[in-house]
Amino acid sequence: MKNTVKEIVQTAAKKAFDTGMLPCDQMPEMEIEAPKHASQGDLSTNFAMVSAGIQKMPPKKIAHTIVAAMEHAAFIEKVEVAGPGFINFFLQPSAWHPKVDQILAQDIGYGSSNFGRNEPVQVEFVSANPTGPLHVGHGRGAAVGDAVGNILAFAGFKVSKEYYINDSGRQIKTLGTSVWFRLLEISGRRGDFPDDCYKGEYIRDLARQVLERQGPDFVNQSDEAGIAVCARYAAQQILEGIRRDLAAFGVIFDKWFSEQSLYDSGRLAETLADLQAKDLVYEKDGALWFRTRDFGDEKDRVVVRSNKMTTYFASDIAYHQEKFERGFHRVIDVWGADHHGYINRMAASVVALGKSRDQFQVILVQLVNLLRGGSPVQMSTRAGEFVTLKDIVDEVGIDAARFMFLSRSYDSGLDFDLEVAKQKSSDNPVYYVQYVHARIAGILSKALDRNLVEDNDFTRGKNLSHLVEPEEINLIKILAGFPEQVEKSAATCHPHVIFTYLMSLASAFHAYYNRHKVITEDIALSGARLSLVLAVKKVIRNGLALLGVSAPERM
RNA sequence: GCGCCUGUAGCUCAGCUGGAUAGAGCAACGGACUUCUAAUCCGUAGGCCGCAGGUUCGAAUCCUGCCAGGCGCGCCA
């Protein structure tokens, strides 16, 4: 539709030039968009305004010249010049009808595109250390990462979702130490629990499990041996728990990548040798420094400490090299906002090792403010007291949780109120949208019960010429905008674009529903309206699926 | 001190690759169920778009400087 209008404008401009009405035949890039107000028509272009400089004429005059030169098209009701020089097109209602056919035919594919040209993209998210259960912040990261992956895939990218497991290094040792000392404490051996260890109740549970499996003599082990056993067991158990909680949250990864494997395979050593060979590192104070400053970082960073231990940064460099070697053109990391200080050095390492800056992208997710009935939920990570992702999913449900996490731009902090997310009312946006789907399902089953439609085959619209009400045309216009919104969401990696879209579609549907009956004595009209609402149902379902939210047939 | 994010209606936020009259939900007030689900709808009211400059035919949107809040600035992860 937009392209058709664009061609009409361009043809008119050319004709105006040929007949001497315009001095120049240059065609600047114009926009065709749906104006905000109905009084401004169905589609609008700023062609005259962006041409003003080239044509050396006032925008309004150009607009009138274009309109005068314009061919009459059957689907256009009228054309107006308005405001500073917009050309507004008012379309016949029938111009919108084929869209319904298209949506019904494309079904689950409606909204998808080849925008990404099958470009391989990796989205890495959550990647929480296996030292404790996932909390609210991880939940937002999981919802965002998963939705971004879904949206990119729908827009034609070849997406792989990945979780990086930090199963090496100090925090795992700390985990082992924590469990070991709790175990000794439970056995009455020692009470001097170290201050820098994890204090959560889950550590006590793990200690009990280790004791049970190893038997009472286990406490006679040396600290070193005990810690090692505890570390291995605890990390594995916690990782299993994380996997389970994410699956229960509807998040399935294509790959789980172990940090330890970078050591075991020699990949990390290879990367360090590569850095040496390329003179990207130097020694100072007994440590090995990466010249990240030469690539946009504020300062150089240590990759090997003076005690010969590699840093977390070192394995991260190797990991990101490995990602690109696997063939991804673009690598997207979803991080919590508290890690933003890490972006420059990571980007520097990517660029230093031969990739361009835009092949590495970080989605920085701002913090979540957990509330209950308007007041903050007290949490202390130090004392190990926090609300876990599992707690939240158990309390409010997966759909409400995900929808809430995706309701705002991740650039903004998010207030997540457990009471609101639980409410089955208009306060809760997830039901507002899901209700549309359920309502339409209800209409459909009634229509089938009463044999008001000849069959259940709506792979194309029926009697669409009967759709003439303003609310109906408005609905189709919104439905027609879905692919564009998906593309925008994919281009910006912002899932809340889909959220906002679904809210506006739901609003338009509820308004229509309250004003017009779908099923009436008029069989032909009923068929037309069923076609329309069925198209709405499909778009709602497709949109919710991108966010990982279900579309219920009944509520 | 430096860096990133944010500042829009009483509250929570969209709109930010510049366009016409700045939108939605909640809260407030007034209405609509004999109907395909009222988990809904309709209406009213509510705005120096943090402040000050600049660029532009045109700025909530871009640039600069302030102000306020959040987060970060380790040979931690």
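Throughout, protein chains are lettered first and strands after them, A, B, ... in sequence-line order, and every chain is numbered starting at 1. For the numbers below, each heavy atom of this structure counts, side chains included, while hydrogens, waters and symmetry mates do not.
In the set B/C4, B/A38, B/A77, B/A38 carries the atom at the smallest distance from any side-chain atom of A/R439. Nearest to the side chain of A/A287, among B/C75, B/A20, B/C42, sits B/C75. Looking at the side chain of A/N514, the nearest of the listed nucleotides B/A77, B/C13, B/C41 is B/C41. Taking the side chain of A/R345 as heavy atoms from C-beta on, and the options B/A77, B/C13, B/C4, the nearest nucleotide is B/A77. For A/Q40, counting side-chain heavy atoms from C-beta on, the closest listed nucleotide (B/A20, B/A39, B/U40) is B/A20. For A/Q366, the side-chain atoms get nearest to B/C5 when compared with the rest of B/U35, B/C5, B/A77. In this structure, the nucleotide among B/C75, B/G19, B/G70 sitting nearest to the side chain of A/M49 is B/G19. Here the side chain of A/S39 is nearest to one of B/U21, B/U6, B/G74, namely B/U21. For A/S412, taking side-chain heavy atoms from C-beta onward, the closest of the listed nucleotides B/C42, B/C76, B/C13 is B/C13. With distances taken from any side-chain atom of A/Y513 to the nucleotides B/C36, B/G74, B/U12, the minimum falls on B/C36.
The gap from the C1' atom of B/C48 to that of B/A60 amounts to 13 Å, rounded to the nearest Å. With P as the reference atom, B/A45 and B/U6 are 33 Å apart, rounded to whole Å. Rounded to whole Å, the separation between the P atoms of B/C42 and B/U61 comes to 31 Å. Taking atom C1' on both B/G58 and B/U21, the two are 15 Å apart, rounded to the nearest angstrom. Across the P atoms, B/A24 and B/G15 are found 15 Å apart, a figure rounded to whole Å. Comparing B/U44 with B/G1, their P atoms are spaced 49 Å from each other, to the whole Å. If you take atom C1' in B/G19 and the same atom in B/G74, they sit 49 Å apart, rounded to whole Å. Using atom P as the reference point in both B/U17 and B/G50, the two lie 16 Å apart (nearest Å).
Nucleotide B/C29 forms a Watson-Crick or G-U wobble pair with B/G43, both donor-acceptor distances falling under 3.5 Å. Checking B/C76 for Watson-Crick or G-U wobble geometry (two distances, each under 3.5 Å) identifies no partner in any strand. Under the Watson-Crick and G-U wobble criteria, each requiring two contacts below 3.5 Å, nucleotide B/U21 is left unpaired. Both distances falling under 3.5 Å, in either a Watson-Crick or a G-U wobble arrangement, place B/G7 opposite B/C67.
Judged by distance alone, with hydrogens and angles left aside, A/S409 brings no side-chain donor or acceptor close enough to the base of B/A14 to form a pair under 3.5 Å. Within 3.5 Å, a donor on the side chain of A/S306 pairs with an acceptor on the base of B/C75, or the reverse. Evaluation of atom-type donor-acceptor distances gives no pair under 3.5 Å for the side chain of A/D316 against the base of B/A77.
Base engagement by A/Y342 is indicated by at least one non-hydrogen atom pair under 4.0 Å involving a base atom. Across all strands, A/D297 comes closer than 4.0 Å to no nucleic acid atom at all (heavy-atom distances). Here A/H496 lies in heavy-atom contact (under 4.0 Å) with sugar-phosphate atoms only. Counting non-hydrogen atoms under 4.0 angstrom, A/K488 reaches the backbone sugars and phosphates but no base. The residue A/A337 sits close only to the backbone: its heavy atoms come under 4.0 Å of sugar-phosphate atoms, none of a base. Across all strands, A/D285 comes closer than 4.0 Å to base atoms (heavy-atom distances). At a threshold of 4.0 angstrom between heavy atoms, the contacts of A/S504 with the nucleic acid are absent. Among the protein residues, A/S407 comes within range of no part of the nucleic acid, since none of its heavy atoms lies under 4.0 Å from any strand. Residue contacts shown for A/A52 are absent, as no nucleic acid heavy atom lies under 4.0 Å away.
Mapped onto RNA chain B by nearest heavy atom, A/L367 and A/S507 fall at different nucleotides, with A/S507 at the one closer to the 5' end. Two residues, A/V302 and A/G413, neighbour RNA chain B, and the one matched to the more 5' nucleotide by heavy-atom proximity is A/G413.
Atom CZ in A/F47 sits roughly 20 Å away from atom P in B/A20 (whole-Å rounding). To the nearest angstrom, P of B/G25 lies 21 Å from CZ of A/F416. Following rounding to the nearest Å, A/R170 (CZ) and B/G74 (C1') show an atom-to-atom distance of 11 Å. The distance between atom NE2 of A/H437 and atom P of B/U40, rounded to the nearest whole Å, is 17 Å. Look at CE on A/M555: it is 19 Å from P on B/C36, rounded to the nearest Å.
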Task: ring pair (Phe, Tyr, Trp, His ring centres under 6.0 Å) assessment of A/F257 paired with A/Y163 - done: CA-CA 6 Å; A/F257 190 97; A/Y163 187 116; over 10 Å; no

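Between the side-chain ring of A/H510 and the base of B/A38, no stacking contact exists by the 5.5 Å and 30° definition. Aromatic stacking is not marked for A/Y432 over B/A39, as the cut-offs of 5.5 Å for the centres and 30° for the planes do not both hold. Put simply, A/H37 rests on the base of B/U21: the two rings are less than 5.5 Å apart at their centres and nearly parallel, under 30°.
The shortest non-hydrogen separation linking A/V351 to A/S356 is CG2-C, 4.4 Å.
In this structure a side-chain-to-backbone donor-acceptor pair under 3.5 Å is present from A/K199 to A/D195. At least one donor-acceptor pair closer than 3.5 Å links the side chain of A/N307 to the backbone N or O of A/M309. Using a distance-only test at 3.5 Å, with no hydrogens or angles considered, no donor-acceptor pair links the side chain of A/N88 to the main chain of A/E80. A/S531 places a side-chain N or O within donor-acceptor distance of the main-chain N or O of A/K462, the cut-off being under 3.5 Å. Under the 3.5 Å distance criterion, the side-chain polar atoms of A/S409 are matched with a main-chain donor or acceptor of A/D411.
The glycosidic torsion of B/C49 lies more than 90° away from 0, which places this base in the anti conformation.
Stacking of A/R330 on the aromatic ring of A/F360 is not recorded, the 6.0 Å distance cut-off and the 45° axial limit not both being met.
Contact between the side-chain N/O atoms of A/K299 and the OP1/OP2 oxygens of B/C75 is found at a separation under 4.0 Å.
The aromatic ring centroids of A/Y319 and A/Y164 lie less than 6.0 Å from each other.
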